[in-house]
Amino acid sequence: MAHHSQTAATLVGLVAIGFSASLALLSTRAAGIPPFQLLATNAAIAFVAGLLFLVARGKGAWRVLKQPFRPWIMAVLAIFTYHAAYFYAVSSIPPARASLIAYLWPLLIVVFASLASGGGGVRWGHGLGALLGLAGVVVMFADKSATVEAVGPASGYVAAFACALIWSGYSVLNRRYSGVPSEMLIGVCGAVAVLSALSHLVFETSVSPTPGQWWAIVLLGIGPIGLTFLSWDHATKHGNIALLGVISFSTPILSTALLVLAGEASATIYLGLAAMLVVTGAMAASRAGRDRHSQGRANSRYS
């Protein structure tokens, strides 16, 4: 029964990965909206949709929001900082570049999960995977067709890489709170909306969205911001975290493909090579993790 439960939770993670792949495209369609304003609106939409879900479940459903302080603060900070950094990166540097750098998180999940599980620590495959991922980022800068203006500021690249660190760290640490129901993320969305709104009032000037931007904002709130939170939280707590890292390797390819098909990025050889290097690096790190666990099981069998 436990195995079937883990398999089901891992499959739920596929939903999160699918919605996550659309994050870059929808973010570009909402371009022009300040990052904190965009996050505040998206999180508010996700919060309202979640409240309707709890109302439909009955009075007792509200108890899921009453949880310990630590998982609350970790989720709020991770989700707030990740998306604020992501929206800034997408708005300041080419979306395809921001997406590929941010989607180094599957590689980092495999490495961090290996470290968190103890034992052999980082193996040669993890180092190779990191180098291949870094090479993928370097290849993007070899594209001579990009103008200086199109490259964007260094802060955008720092923000994109911060996304990879934040989301991978959160995904691995979230395992500690497997007893906390995923529906708590509905309340987290509300907290993120308030925090983002306050940040917007302090640091930004409001912009009135166009009808096209509103569509993107609503879809972001329901999908990549709303359903992704709930499904990924459930998957990382109860699913196979190493397998989720492997499946997540498809995210940068899917995200980049959507941008190209929508005309938001050019299908250059550099972009394709960069995506393949990032995915190959993640696969190398994953293989190292599987080899270590296999060796550990073999040693315990004969000890």
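As a basis for the values below, the full set of heavy atoms in this structure was taken, side chains included, without hydrogen atoms, waters or symmetry mates.
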Test log, rule side-chain contact (heavy atoms from CB on, under 4.5 Å), inputs Val180 and Lys237: CA-CA 9 Å; Val180 177; Lys237 286 177 178 175; 3.6 Å; yes
To the nearest 0.5 angstrom, please state how far the [atom1] atom of [X] sits from the [atom2] atom of [Y].
X: Thr236; Y: Asn174; atom1: OG1; atom2: CG; answer: 4.0 Å
X: Arg97; Y: Thr256; atom1: CZ; atom2: OG1; answer: 12.5 Å
X: Ser208; Y: Trp214; atom1: OG; atom2: CH2; answer: 9.0 Å
X: Ile217; Y: Ile33; atom1: CD1; atom2: CD1; answer: 5.0 Å
X: Phe161; Y: Ile166; atom1: CZ; atom2: CD1; answer: 11.0 Å
X: Ile93; Y: Ser99; atom1: CD1; atom2: OG; answer: 10.0 Å

Is a side-chain N or O of [X] found less than 3.5 angstrom from the main chain of [Y], in a donor-acceptor match?
X: Glu183; Y: Leu65; answer: no
X: His83; Y: Ile79; answer: yes
X: Glu204; Y: Gln37; answer: yes
X: Glu264; Y: Leu25; answer: no

Within 6.0 Å of CE in Met74, more than 12 heavy atoms from elsewhere: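 Enclosed: over 12 neighbouring heavy atoms sit under 6.0 Å from CE of Met74.
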Option from Tyr170, Trp167, Trp232 for which ring-ring contact (aromatic ring centres under 6.0 Å, His included) with Tyr82 holds: Trp167
Sequence-distant partners of Ile73, side chain to side chain contact (heavy atoms under 4.5 Å, CB included), two or more places apart: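 Ile73 satisfies side chain to side chain contact (heavy atoms under 4.5 Å, CB included) with Phe69, Leu77 only.
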Test log, rule side-chain contact (heavy atoms from CB on, under 4.5 Å), inputs Phe87 and Ser196: CA-CA 12 Å; Phe87 291 147; Ser196 302; over 6 Å; no
Residue pairs involving residues 5-54 (criterion ring-ring contact (aromatic ring centres under 6.0 Å, His included); sequence neighbours excluded):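 Sorted result for residues 5-54: Phe36-Phe80.
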Check whether [X] and [Y] end up in the same hydrophobic cluster, where Ile, Leu, Val, Met, Phe, Trp and Tyr are linked by side-chain heavy atoms less than 4.5 Å apart.
X: Met276; Y: Leu254; result: no
X: Ile186; Y: Val48; result: no
X: Leu219; Y: Tyr86; result: yes
X: Ile101; Y: Leu165; result: yes
X: Leu26; Y: Ile225; result: yes

Heavy-atom pair with the smallest gap, counting every atom of Val207 and Pro34: CG2-CD, 3.7 Å
Heavy-atom pair of closest approach, residues Ser206 and His200: OG-NE2, 2.7 Å
CA sep, side-chain torsions, deciding dist, call: Thr228, Leu23, side-chain contact (heavy atoms from CB on, under 4.5 Å): CA-CA 10 Å; Thr228 295; Leu23 180 60; over 6 Å; no
Test side-chain contact (heavy atoms from CB on, under 4.5 Å) applied to Tyr177 and Arg70, step by step: CA-CA 9 Å; Tyr177 306 109; Arg70 287 187 177 181; 3.6 Å; yes
